[in-house]
**Student:** 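Before I ask anything, let me first share the structure, which is written out below as structure tokens.
Just follow the structure's listing: the first ligand is 1, and inside any ligand the first atom is 1. Quantities reported herein were computed from a predicted structural model and do not represent experimental measurements. Along the sequence shown, the residues carry numbers beginning at 1. Computed from heavy atoms alone, side chains included, the values below leave out hydrogens, waters and symmetry copies.
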Amino acid sequence: MALTDTKFREDDRSLDQTLRPKSWDEYIGQELIKKNLKILIQAAQERGEPIEHLLFYGPPGLGKTTLAHLISRELNAQVKVTSGPAIEKVGDLASILTNLSAGDILFIDEAHRLNKLIEEILYPALESRSLDIVIGKGPSARTIQLELPPFTLIAATTRIALLSSPLRSRFSGGTYRLDFYTEDEIRKIITRSAKILGIDIDEGATAEIAKRSRFTPRVANRLLKRCRDFAQVEKSNLITGDLALKTLDLLEIDPVGLESTDRMILEAIISKFGGGPVGLQTLAAATSEEKETIEEVYEPYLMRSGFVERTPRGRVATRRAYEHLGRNFAEQSTFLA
Ligand code: ADP
């Protein structure tokens, strides 16, 4: 099972909650976003108003949900958590909205998966805090308008391009892109997590895990946990560099953090499509992966690390990809000369 696999979700959820930063100081990195949010919060508090609606976007595991929880902590606000696919019917949204109290934060994860009908109900709710509900059917149907308490929506998405532009424009508090972390930041996150999990880890191991964590806190925490398991069966209470390397090898994570699926994707672009360009749909079919998974989970890191480039005609494997797989770049047929 790959580390990016969604089957990790359950396991992750409890891990996420244990390790989730509870203050701005514990939330490492993303300095500019933190600075902006702190100002937003202070200004709103001074005015005695709820903060304006916020949108966070970026690849999974970078800390969007954590930010939403941190903000509600700062504001002493209650946070109600839901997600795009969980709101199936207009009635679902109506019941969520009408159950909000003044000052509450509504967090909608995977906002790009909200259906269009729901989005349309959401616009007036965000803009003028009113909810239009149709009661009854046919000629006797009538619309009633409910007033909602002042609340803040925080939405998170991995796919901002899929959000309709009217919805995007409703986030008056700002739209923030979370970026990958630096290796140094990931090392700090690992050190903090190890302390919370009550396991000793040496510098070599911290560096090895950081190097292979896809610059992503969630992945770093997962890897740390796997190393802890390995240490435990080895009857050791210290994760050494050597033990970390053995664990990472067992997980088939290579020195630059690629896992088997990443390598399979690169291999497919190179072997089956002469290095590309190849369309996402075709690539998905060739690797038996979901198109969305490639786009949301694998590709951002492959691009960030310079293994893949996205061109108008499709995905292209770079020289670095060829070299990493031990292939001859001169083999490539077309695009990148
Ligand atoms: P997302 O919502 O973007 O998928 P999460 O907010 O659920 O990501 O973060 C995943 C896990 O990574 C969290 O439980 C937390 O432990 C860790 N994490 C994320 N961002 C940070 C950070 N800036 N500092 C420390 N830990 C973090």
**Student:** Can you tell me which residue among Ile118, Thr157, Ile87 is in a side-chain contact (heavy atoms from CB on, under 4.5 Å) with Ile108?
**Tutor:**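 Answer after filtering Ile118, Thr157, Ile87: Ile87.
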**Student:** Only counting residues at least two apart or in another chain, list the ones meeting side-chain contact (heavy atoms from CB on, under 4.5 Å) with Thr158.
**Tutor:** Pro60, Lys64, His112, Glu296
**Student:** Just so I know, are the side chains of Thr65 and Arg20 near enough to count as touching, which here means a heavy-atom distance under 4.5 Å?
**Tutor:** yes
**Student:** Test the Arg214-Phe180 pair against the cation-pi criterion, namely NZ or CZ under 6.0 angstrom from the six-membered ring centroid and within 45° of the ring axis.
**Tutor:** no
**Student:** Please output the side-chain donor-acceptor pairs of residues 134-143 that fall under 3.5 Å, not counting sequence neighbours, one pair per line with the distance.
**Tutor:**
residue: Ser140; atom: OG; partner: Lys137; partner atom: O; Å: 3.2

**Student:** Given a heavy-atom cut-off of 4.0 Å, could you list the residues near ligand 1 in chain and number order?
**Tutor:**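 For ligand 1, the contacting residues are Asp16, Leu19, Arg20, Pro21, Glu26, Tyr27, Ile28, Pro60, Gly61, Leu62, Gly63, Lys64, Thr65, Thr66, Tyr181, Ile189, Pro217, Arg218, Asn221.
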**Student:** Quick one: side chains of residues 92-107, donor-acceptor pairs under 3.5 Å with protein atoms, not counting sequence neighbours, listed by atom name and distance.
**Tutor:**
residue: Asp92; atom: OD2; partner: Glu88; partner atom: N; Å: 2.9
residue: Asp92; atom: OD2; partner: Lys89; partner atom: N; Å: 2.9
residue: Thr98; atom: OG1; partner: Ala94; partner atom: O; Å: 2.7
residue: Thr98; atom: OG1; partner: Ser95; partner atom: O; Å: 3.4
residue: Asn99; atom: ND2; partner: Ser95; partner atom: O; Å: 2.8
residue: Asp104; atom: OD2; partner: Lys80; partner atom: NZ; Å: 3.3
residue: Asp104; atom: OD2; partner: Ser101; partner atom: N; Å: 2.9

